[in-house]
S.K.: 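Structure provided below as structure tokens; questions to follow.
These numbers come from the heavy atoms of this one structure, side chains and all, not from hydrogens, waters or symmetry mates. Protein chains get the first letters and strands the later ones, always in sequence-line order, with residue 1 at the start of each.
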Protein chains: 2
Amino acid sequence: MYTIGKLSKNSGVTVRTLDYYGEIGLIEPTSKTEGGYRLYSEDDVMRLERVLALKYMGFSLEQIKEILEDSTSTWQESIQQQLELIKKEQERLETLEKSLLGVSYAIEIEGEINWQIIFSIIKMYQQHPEETLNPYADYLNSQEMKRVMDMNVKNMSEEDIKKWINVIHDMKDNLDLDPASEKAQRLVEDWSNQVESMFGNDEELLLDMWGALQNLKEGIVFYPMNKEVIQFIERVFMAKEEELKNDT
Amino acid sequence: MYTIGKLSKNSGVTVRTLDYYGEIGLIEPTSKTEGGYRLYSEDDVMRLERVLALKYMGFSLEQIKEILEDSTSTWQESIQQQLELIKKEQERLETLEKSLLGVSYAIEIEGEINWQIIFSIIKMYQQHPEETLNPYADYLNSQEMKRVMDMNVKNMSEEDIKKWINVIHDMKDNLDLDPASEKAQRLVEDWSNQVESMFGNDEELLLDMWGALQNLKEGIVFYPMNKEVIQFIERVFMAKEEELKNDT
DNA sequence: TATAAAGCAACACGTAACGTGCTGCTCAAG
DNA sequence: CTTGAGCAGCACGTTACGTGTTGCTTTATA
């Protein structure tokens, strides 16, 4: 026979918790002293161990009561329910993580809090992601859509993201450079390399994306680039072309 | 200017929620009618949108208040904290899922609730898994330990698990068969095939595992097999050897 | 313009699983 | 017999609201 204090130390749960389990009728002491002290038997200890095991498995105290009373009946059912709950929670955490990473990188790139972008990122994960891509449907086919969707922050290495951030940041800081200058050319070349390392040599995809970029000019999917950056890149490309013409 | 009902419909949150946000000083209406009705301005709507965004990102209302007041200061820090929390929660769910799957299969194999096994499974995931493997340290080297550890229910296909359950179940139902009988031989052959498909042709690992099995006779890692099953397999092997001897 | 219907404020209590703190009691050791 | 530790029983706090009530205000309809 254990007093509540001994049982508490023995099992690692607090006295208050045992109080509470008594209150809700989950574990009640088999006997009491004359003075009213609760005395727990070995059976009670066993029941406590089972309760703690079920608690570890994620069941509520209410469910635990049911499970322990219905004995063998609903075990498998309860476990399957629990597993489904876990799955859903895992999915929730997954999108939550992506959202947070997206917002984190957005702040790093912008250097400040841009609520429009934060809303876009959240919407992107809240609703079905396809809806977010709808505006791009005119420019990308379904295969390309899939490739672009798969390219989110969670699937990029930290290294890649940092490089990407740097490249865009550099350009945003130098939007008023002479498009024909060496530095401007180098910045756009860095950008080209980065894009190529992300999307490979799929010329068609790159062309279609560029089409979408030029026509939409805003949008979350190609987020770190905005209108100014795109126009800068265009200017540099045109300057380069001009140069080539003059050379020949 | 919106009344609380319009704002509620507009934003998708309940009136009670807006009540509550007022109570804790998170979102308070800019003005009121003569009769005392709360009137929310566009600024209030904006603030609500931001609150909802931060809520979606997993922050508590208390944290949201701080974040919205400290403006740009602690954003990155808060996000990193949040990400760490998520990571921990994901790990918790991962082990929880493994525990539940383990218990589920245990019940399926045993056909009843065996609390000792449930406790073992939970302990296996609660403490560091290496500790659970300690008893096997005398028989398996570190490489082998790793291979055995990687072989848990989560890494097995459902098909494999079902087969494994059937094989063991069949044996448990036929422990008193004549070890020399055709059926006994077939059962052990099924078992052999199953073991081979799980651990491949690594003869050394198989031998070491068999050594551990014979000497420990109980233990969670090789769980579905118990003393009786192992002794049955031994008897059948011996009977087979005897047979081969007689043949020559 | 009178009245009915809908909307609203303010409040209270409930949720899950305890933590924290209190008063007045009981038990075990010296 | 006393002292101190342990205990029972109670109350209130926690988070983010849901649910329900009463008495008031506004809007819609006749």
S.K.: Examine the side chains of B:Ser104 and A:Gln76 and answer whether a donor and an acceptor come within less than 3.5 Å of each other.
M.R.: yes
S.K.: Quick one: do the B:Tyr139 and B:Glu144 side chains pair a donor with an acceptor below 3.5 Å?
M.R.: no
S.K.: Taking only N and O in the side chain of B:Lys55, is any of them less than 4.0 Å away from OP1 or OP2 of D:dC17?
M.R.: yes
S.K.: Could you measure the distance from the CG atom of A:Leu100 to the CD1 atom of B:Ile79? Nearest 0.5 Å is fine.
M.R.: 6.0 Å
S.K.: I need the CE-P distance between B:Met1 and D:dT26, as an integer number of Å.
M.R.: 15 Å
S.K.: Can you measure B:Leu26 atom CG to D:dT15 atom P for me and round it to whole angstrom units?
M.R.: 13 Å
S.K.: Return the 5'-most residue of the pair B:Gly35, B:Thr17 with respect to DNA chain D, ranking by each residue's nearest nucleotide.
M.R.: B:Thr17
S.K.: Looking at A:Glu89 and A:Arg92, does any basic side-chain N land under 4.0 Å from a carboxylate oxygen?
M.R.: yes
S.K.: Given 3.5 Å as the limit, does a donor-acceptor pair link the side chain of B:Arg47 with the main chain of B:Leu26, or not?
M.R.: yes
S.K.: Starting from C1' on D:dA16, measure out to CZ on B:Arg16 and report it in whole angstrom.
M.R.: 9 Å
S.K.: Let me know the distance between CD of A:Glu23 and C1' of D:dG9, rounded to the nearest Å.
M.R.: 9 Å
S.K.: For A:Glu62 and C:dT15, give me the distance from atom CD to atom C1', rounded to whole Å.
M.R.: 12 Å
S.K.: Rounding to an integer number of Å, can you tell me how far B:Lys32 NZ sits from D:dC24 P?
M.R.: 17 Å
S.K.: Rounded to the nearest angstrom, tell me the gap between atom CD in A:Gln63 and atom C1' in C:dA17.
M.R.: 14 Å
S.K.: Under 4.0 Å from OP1 or OP2 of C:dC18: is there any side-chain N or O of A:Thr14 that close?
M.R.: no
S.K.: Any side-chain N or O of B:Thr33 under 4.0 Å from OP1/OP2 of D:dT26?
M.R.: yes
S.K.: Are there over 12 heavy-atom neighbours, none belonging to A:Glu159, within less than 6.0 Å of that residue's CD?
M.R.: no
S.K.: Name the pairs: protein N/O against N/O of nucleotides 3-7 of chain D, kept only if under 3.5 Å.
M.R.:
unit_1	atom_1	unit_2	atom_2	d
D:dG6	N2	A:Tyr37	OH	2.3
D:dG6	N3	A:Tyr37	OH	2.9
D:dC7	OP1	A:Thr3	OG1	2.9
D:dC7	OP1	A:Gly5	N	3.0
D:dC7	O4'	A:Tyr37	OH	3.3

S.K.: For a side chain to side chain contact (heavy atoms under 4.5 Å, CB included) check, start with the C-alpha distance between B:Arg38 and B:Asp19, then their side-chain angles and the critical distance, and finish with the verdict.
M.R.: CA-CA 10 Å; B:Arg38 288 167 284 191; B:Asp19 272 357; 2.6 Å; yes
S.K.: Write down the distance between OH (B:Tyr2) and C1' (C:dC8), rounded to a whole number of angstrom.
M.R.: 19 Å
